[in-house]
Amino acid sequence: MSEVNQTDSRKLVWVVDDDETVLLLAEAVLASEGFRAQTFVNGQTALEAAAENLPDVVVLDVLLPGLNGFEFCARLRSLPGGEDIPVLVMTSLDDPDSINRAYEAGATDFATKPINWSLETRRLRYLLRTAELAKELKQKEHETRLIKEDWERTFDSINDIVTVLDLDLRVLRANRATVEALEKPIENIVGAYCYNLFENAKEPCPGCPVVRALQTGLSASAEKFYEQPEGDHLVSASPVTDPRGGILHIVHVARDLSEQKRLEAEYRQAQKME
């Protein structure tokens, strides 16, 4: 096994092959092409080295003593961070079964011997660029998922009824408070008309702030009586627009005024008693 300088910033290529001539040639060409090269004569030694430091890319022979290339590739993929490393499998076995087996084990690409290392360095650069793009995409997907989860937690933490409506007044999204207030599963809420859900009506009611927001493109609010959940509610509707000002959907918020009205009634009664 060849040693490698850990402070070197060049991309690290592992070459795993039991042919010393192949390893010497690979080291020489890879170094001349701006790579760091670390060589291993068997898969087990390379796998043990992976516990301390992972390479940027692996060039792997299939026919190895002990741990063969297929097994090494599969085990590498199971290591933390190993799933993202490009693996170029090389072999003299030019048959579909070997190729399929290599890909099933997690190979990124396949090449048959004898290897033209000068040409293969171009392929290694391509594999590295592709891996970097995939890593960036994976990171962005992770960040997007975290943002989505944070938004959903915030959405569900609102105590008021909040629904997002399309232009036909069908519910696109509903928070947890809506599910609890309507006492319906979310699948029975999404896709339903808001006026049917809250007012048991077959069409939008007169003075509905949601309709007004759709017509004017401006936020609107009104106090309304809802059949479900029964009681007076302060209803507000705010349009969400695209960069050109077109309405994409409406955010509908309903705050239950029952407790507020009860306290106001008790206060008025107390004043009368006084």
So does K184 have more than 12 non-hydrogen atoms from other groups sitting under 6.0 Å from NZ? no
When you look at OH of Y126, are more than 12 heavy atoms from neighbouring residues, nucleotides or ligands closer to it than 6.0 Å? no
Please walk me through it: do H233 and F198 pass ring-ring contact (aromatic ring centres under 6.0 Å, His included)? CA-CA 10 Å; H233 291 76; F198 298 109; 8.0 Å; no
Does D166, at its CG atom, have more than 12 non-hydrogen atoms belonging to other residues, nucleotides or ligands within less than 6.0 Å? yes
State whether K138 and D84 are salt-bridged, where the test is any N-O pair (Lys NZ or Arg NE/NH1/NH2 against Asp/Glu carboxylate O) under 4.0 Å. yes
Take V87 and F110, measure what side-chain contact (heavy atoms from CB on, under 4.5 Å) needs, and give me the verdict at the end. CA-CA 9 Å; V87 177; F110 193 95; over 6 Å; no
Taking everything shown except R176 itself, do over 12 heavy atoms lie less than 6.0 Å from its CZ? no
Mind checking whether V251 and V162 have side chains closer than 4.5 Å, heavy atoms only? yes
Taking the side chain as everything from C-beta on, heavy atoms only, tell me whether R212 gets closer than 4.5 Å to L218. no
Do L30 and L124 come close enough that some side-chain heavy atom pair is under 4.5 Å? yes
E152 and K148 ion-paired at < 4.0 Å: yes
Carboxylate-amine/guanidinium proximity below 4.0 Å for R101 and E104: no
Residue pair S236 / S221, side-chain donor-acceptor N/O under 3.5 Å: no
Compare all side-chain heavy atoms of V171 with those of L165 and state whether any distance is below 4.5 angstrom. yes
E52, CD atom: more than 12 neighbouring heavy atoms under 6.0 Å: no
